[in-house]
Amino acid sequence: MQANNETTTTTPYFTGGERDSIRRQLLEWYDQEKRSMPWRDNPSEYRTVVSEFMLQQTRVDTALPYFERFTARFPGWRALAEADEQDVLNAWSGLGYYRRARMLKRAAETVHHKYGGKLPRDAKKLAALPGFGEYTTGAVGSIALGMALPLVDGNVRRVVGRLRALEGPLNAGPGKQALWDVCTEMVDPERPGDFNQALMELGATVCSPQDPMCLVCPVFAHCQARAKGDPTRYSGRIERPPLRIVQEIAVVLTKEIKGREQILLLRRGESGSFSGMWELPRLDEREIEEDELTPERVLFEVVRIRPRTAESIGEAESSFTHHKIKTRLFKCPMPPRAAVRRQRHVQHEWIRPEEFEKLPSSKAQRRLLELALKKE
Ligand code: SF4
């Protein structure tokens, strides 16, 4: 543990040597309690960036096997910069939020071609890299480069919100400003990466949303929410717009080829959401009037096929940040002598169901395929 000098500075959020005490106690706790993770145990600038992109929307346990496979397949900036984007999406397949994979590849291209394989040591240049938002800039800057930058994720929001008993939504307006001010002031200038990871680790393992373990918390003595007797009241509340429900229809279009049933998959173009990914023919109510949303209409709009029958084979839900998609799934045999004429996609393939795994596709599409296969 590296010692920090005790100071007696008083600030709007900390009194006397409180800030230094919090830093010291948190870092001592982190040194003893931090969980082993491949990007911590064997760090590099590249591995830190890959891990932070994966962790933007994904839990640590889920990201771990993907991280190992991804970094084995693309071990450094150059390998990722020069890789085919479809291969990158393939390696990311199943993690969801594929925009992250595309942005990560673009960031690798910039680091490799523009910065000679080293991250820029400048917060503004770092923040300008593809896919680097507030959180990733703080995480990569502090963890990989030792820059005294704060970061805020859900765990930090809750821990810091409780430490200083911050009121109101903390993702907008004065609440967000106060939160970032506290984090900026708190971050340890000598070990910023460890300090930020300690805050996140505390939120993940001790200061849980509903049942914080205050008695074993290293910053118990400085926690204002705990002192007020009701830490769960200060849970880093954020304001979210109401979740929109979107109706969708997806179709498993089947055709017998060489005595085996095959299904039609389509690849999306390079712009918009899920770009470059493979999917079933589908449309939702944002693309077509809800009362016209039928399997027949979907197939006609997407591939100019007019099916003779459509069998309902199930329903599924997929949640995204701001909306939830409710999908009704149908199975239609390909009419004889009909031909696929793509209207919205750039490629199509007839594949056997077991081949689906090889093509990059979203979690939602995988779930639909699994549903279709169960019905067979
Ligand atoms: Fe969270 Fe309790 Fe620690 Fe405060 S004392 S930071 S509420 S675990």
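This structure is a prediction, so every number in the text was calculated from the model and none was measured. Each ligand, and each atom within it, is numbered from 1 in the order the structure gives. For the numbers below, each heavy atom of this structure counts, side chains included, while hydrogens, waters and symmetry mates do not.
- Aromatic rings of Phe53 and Phe132 (six-membered ring for Trp) have centroids within the 6.0 Å cut-off, being under it.
- Partners of Thr309 under the side-chain contact (heavy atoms from CB on, under 4.5 Å) rule, at least two apart in sequence or in another chain, are Pro333.
- Ion pair Glu45/Arg121 flagged as a salt bridge, since at least one NZ, NE, NH1 or NH2 atom sits closer than 4.0 Å to an Asp/Glu carboxylate oxygen.
- Lys324 and Glu317 are joined by a salt bridge, as a carboxylate oxygen and a charged side-chain nitrogen come within less than 4.0 angstrom of each other.
- For Ala101, the side-chain contact (heavy atoms from CB on, under 4.5 Å) partners two or more places apart in sequence, or in a different chain, are Val88, Leu89, Trp92.
- Looking at residues two or more places apart in sequence or on another chain, you find a side-chain contact (heavy atoms from CB on, under 4.5 Å) between Lys363 and Arg367.
- Excluding waters, the set of protein N/O/S atoms under 2.8 Å from atom 3 (Fe) of ligand 1 reads Cys217 SG.
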